[in-house]
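Counting convention: from 1, in listed order, for ligands and their atoms alike. What's counted below: heavy atoms across the whole structure, side chains too, no hydrogens, waters or symmetry copies. Note that the numbering runs from 1 along the sequence shown for the chain.
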Amino acid sequence: MAKKNELMIIVFLITATSLFAQQQELKWTIIQPGIWKTTVGKNELSLLQVAGNIANTRALQQLPDVDFPMHREDIFAQRNTDHVALRFPLDSAETIFGLGLNFKTVNQRGRILNLHVDHYGGSDNGRTHAPVPFYISSKGYGVLIDAARYITIYVGTAVRKDSKHPPVLQDRNTDKSWDAQPYSDAVEVNVPGDGVDIYVFGGPSPMQVVQRYNLLNGGGCIPPKWGLGFTQRVPTLYNQDQIIAEAGEFEAHQFPLDFIGVEPGWQSMSYPCTLEWDSTRFPDPLKFNAILRQKGIRSNLWLNPYISPKGSLFKKLYSLSGSHTVWNGIVPDITLPQTQEILKAHFLTQHIDKGVSGYKIDEVDGYDNWLWPDVATFPSKLSGEQMRQIYGLKIQKLTTSWFRERNQRTYGLVRASNAGASSFPYVIYNDYYSHKDFITALINSSFIGVLWTPEVRASHTAEEWVRRMQTVCFSPMAMLNAWADGTKPWSFPEVEKAVQDVAMLRMQLIPYIYSSFAQYYFEGKPPFRAMPLVEEFGFDAQQVNGNFDATKNPYNLNTVPEIKDQYMMGDFILVAPLFAGEKSRKVFLPTGKWYDFYTGDYAGENEGITIEGNLNRIPLFVKDGGIIPMIPPQCQAPTKDDILPLEVRYYGTKENSFVLYDDDGETFDYEKGSYSQTVLSVSKNKKGNLQGNQPASAKGKPFHYLPKIKWVCMTQAKTGKQ
Ligand code: GAL
C-alpha cells in the first residue's frame, strides 16, 4: 500500500512538473485602445488592482490607432513550479527606459534589476522607492509586468543558445574588442510565484506609450494650486508657536510659502508613532491650523505607520497588524477593511478636520534592517514580500480617498510607490543627497507615472545652495526640508536674492505648471519629462545614445552616453541645471529652434551647445512656438477668490497655441466639469509678424485671470533666425 502511494505521488509530481514547465500559449485581449493584456497562471496580487484606478477610456480613444507593437510569437512565457519566466524581443537599435526610479542611469539596456521597494542605496540595481515593473522602448511600445513580487528583469543581458540574433563570436586570445557582456536580443523576466498579468502598450511614440500607461491608471493627478507653491519643513521638535513664528519670518523676507511641513515632533511619540498630537508642543491643533490658514498657509504632517504602544490606536490595531514590529511599533495591515476604517476615523477627526492639508508618509520603503522581514506574516495572508511591494501604494490610495470624502485635494510626500500610482497626489523624496542623481531621478520619474522632488536640505557652499534651490523650484514640489538643521531659504545671504528670484519665478509660472499638470490628468503627459519623451527628439536612438556598432558591444554601460541632466517642464520649457563647481555645461537642443527663456534670443537647434553659467539663473530654453502664461511674482499660489493679471510670453517664429487650464484649485469639482480650458494662440498678422490673440472668454467656468491679457513677444525678428 505504502509503495502504491509513493508511486502515485511520483506520477503526480512528474505530471505537475511537466504541466508547469510548459511554455504557455498567450491569449492577448485588447482592454483599452492600444493596450493589450494577458495573464499567465494566477496573479496572486496585482499592483494595478491595489492602486485601483479607473482607466480614462475617452482620453485613450483620442490617441492614434495602433496595432500590437511586436510579433506576438516572439513573446514567450513559461510556468515553473515556483516562478514564471518571460521573454520579450529586443532589437539592436533599441533603448529601454523606465523600470523604476533610477538615480544614475536613464537607459536600462544592459542592466539586471531586482525590482524591490527599498530606500535607494546608491546603485541602480532595482532596489528603489518606486521599482515600477514597466519599460518603454525607444521603438515606441511599452511592457508592464504586473505582480506584487520581487521581479528580476534582465534587460538585454542574457543570451540563449537558440537566439535568433546571437552575438558575434569573438576570440579573446586575438580579438581586442572581445567583451565580457555580449550582445543580447531579449528582455527576460523572472516573476516569483504562480502567475502574472502582462500588459503591452502601443505608442507609436514613447510619449504616447507613457500617456497610455498613465491614462490606464486614471490619468495623472492635479495637485491643489497651493501644492505648487513653496514648502518649508521645520526642525523635528518645533512647537506650534515656533512654526507660526517661522511663517512670520517668511513673510518678513518676502519669501514664498504655501505650506509648512511638521516633522515627527508633532506627535506625543515617534519611531514608533502615536499619530496623536503632543499636548505640550501642540496644545491646540485646531487653533494652530487656523492661525496658519489666516496667513494663507497650510500644514503637512510627517508620519510613519508603525504604531506605538503609547497611543490609542495600538490596542485597536494590535490584532489587525503583522507578525513583526518596526521600531517597536506594530505594522497595521492596511489591506483589511477594518484597519482602514479605524485609521480613517482617526485621521479624519484628529488631523484632517483640524485643518491638516496632507501628509509626508515616511519609511514605507526600507531599509531591510528595520523594516519587517520577508518572513513576516499578516492577517490578510499577504506575505512580507507582497506587503513590502504595495504598502506605499496602498497608503497613498487610502489617504487620498479620505481627503476626497471632504471634497478636498491634498498634495503630499511618500517614500514608496509602485505601478498604478499616476493619479495619486504624492511626490517621492529620500535621504540620499546627490544633486546630479536627484535630477536623473526626476527624469526617470516621468517614465513610470510617479513624481519626484530633488528636495533641498543643506549645502556646503552658497553656490551649491543656489543651484539646488534652482532645481527644486523646477520640480513637482519646491521643498526645503530643514527637519535636521533648520536651514532657511536665506541661510546663505550672498545668494539670498538669487534664491528668492527663482522661487518667485516658480510662483509666476504657476499657470503654466498647473496647465501642465492638467495635461497629465487629461492626456497622461507627465508634467516633468525626460528628453526621449519629446516628440521632436525624433526618438532616434543614435541621437540619444551616440552611434551604435554592434560588433563593438554598444551596450557597454560605461561608454553609452545618455542625457540625464536636462529635462522638459511641460511642452515648452527645457531645463538644463548647473551643479556646484560647474562654470559651463553642454545642453542638447532637439530638432526645431530653441530660444533663451530670459532673453528670447535664438539658442540653437538639433545640436549640442555649450553655455556659460550665471549663478543667478537656472538655464532655461523655450521651444519654437512656446507660449508661457505667467502671473506677477507673489508669495502664495492663487486662491479661488483671486483674479490676477496674466502676462503671456511667446517665443520664436512659429504660430502656435497653448491650453491654459483653470479651476477652483482646491476641490474635485473639476471632475464634474467645473474647469476652463482657454486656448491662448499666437498667429501671424497681415505683415507676417506674430501676435497674440485675445482668447474667447471662459464664461460661467472658473477662470481666475483678468480677461485682458498682456502679450509679450520675446523673440525679436533679428534673432529669430527665420
Ligand atoms: C527621514 C526622512 C526625513 C525626515 C526624518 C525625520 O526618514 O527621510 O526627511 O523626515 O525622517 O525623522
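Looking only at side-chain heavy atoms (C-beta outward), Arg409 and Thr400 stay at 4.5 Å or farther from each other. Residues Ser401 and Lys344 fail the side-chain proximity criterion, which asks for heavy atoms closer than 4.5 Å. No side-chain heavy atom of Leu343 sits less than 4.5 Å from a side-chain heavy atom of Thr399. The side-chain heavy atoms of Phe424 and Cys221, taken from C-beta on, include no pair separated by under 4.5 Å.
In this pair, Tyr150 and His116 present their aromatic rings parallel. The plane angle is below 30°, not in the 30 to 60° band.
Short contacts between ligand 1 and Lys360, defined as distances under 4.0 Å to a heavy atom of the residue, involve ligand atoms 3 (C), 4 (C), 9 (O), 10 (O). Of all atoms in ligand 1, numbered sequentially from 1 with element shown, those under 4.0 Å from a heavy atom of Pro264 are 6 (C), 12 (O). For ligand 1, the atoms sitting less than 4.0 Å from at least one non-hydrogen atom of Tyr429 are 8 (O), numbered in the order shown with element in parentheses. When each atom of ligand 1 is checked for a heavy atom of Glu363 under 4.0 Å away, the hits are 1 (C), 7 (O), 11 (O).
Residue contacts with ligand 1 for Asn481 involve side-chain atoms from C-beta outward but no N, CA, C or O (heavy atoms, distance under 4.0 Å). Residue contacts with ligand 1 for Arg233 are absent, since no atom lies close enough (heavy atoms, distance under 4.0 Å).
Stacking of Lys104 on the aromatic ring of Tyr120 is not recorded, the 6.0 Å distance cut-off and the 45° axial limit not both being met.
The nearest protein atom to atom 12 (O) of ligand 1, hydrogens excluded, is given as Tyr271 OH, 2.8 Å; this is a heavy-atom distance. What sits closest to atom 1 (C) of ligand 1 on the protein, heavy atoms only, is Asp362 OD2, 3.0 Å. In terms of protein heavy atoms, atom 3 (C) of ligand 1 is closest to Trp483 NE1, 3.5 Å.
The minimum heavy-atom distance linking Gln389 with Asn418 is given by the pair O-ND2, 3.1 Å.
Considering both main-chain and side-chain atoms, Arg415 comes within under 3.5 Å of ligand 1 through a nitrogen or oxygen pair.
Nearest-residue assignment for atom 4 (C) of ligand 1 (options His119, Glu263, Arg457; heavy-atom criterion): Glu263.
For the ligand labelled ligand 1, residue Thr236 lies outside the 4.0 Å heavy-atom shell.
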- request: Please lay out, stage by stage, how Leu413 and Met477 fare under the test side-chain contact (heavy atoms from CB on, under 4.5 Å).
  value: CA-CA 9 Å; Leu413 292 146; Met477 189 182 279; 3.6 Å; yes
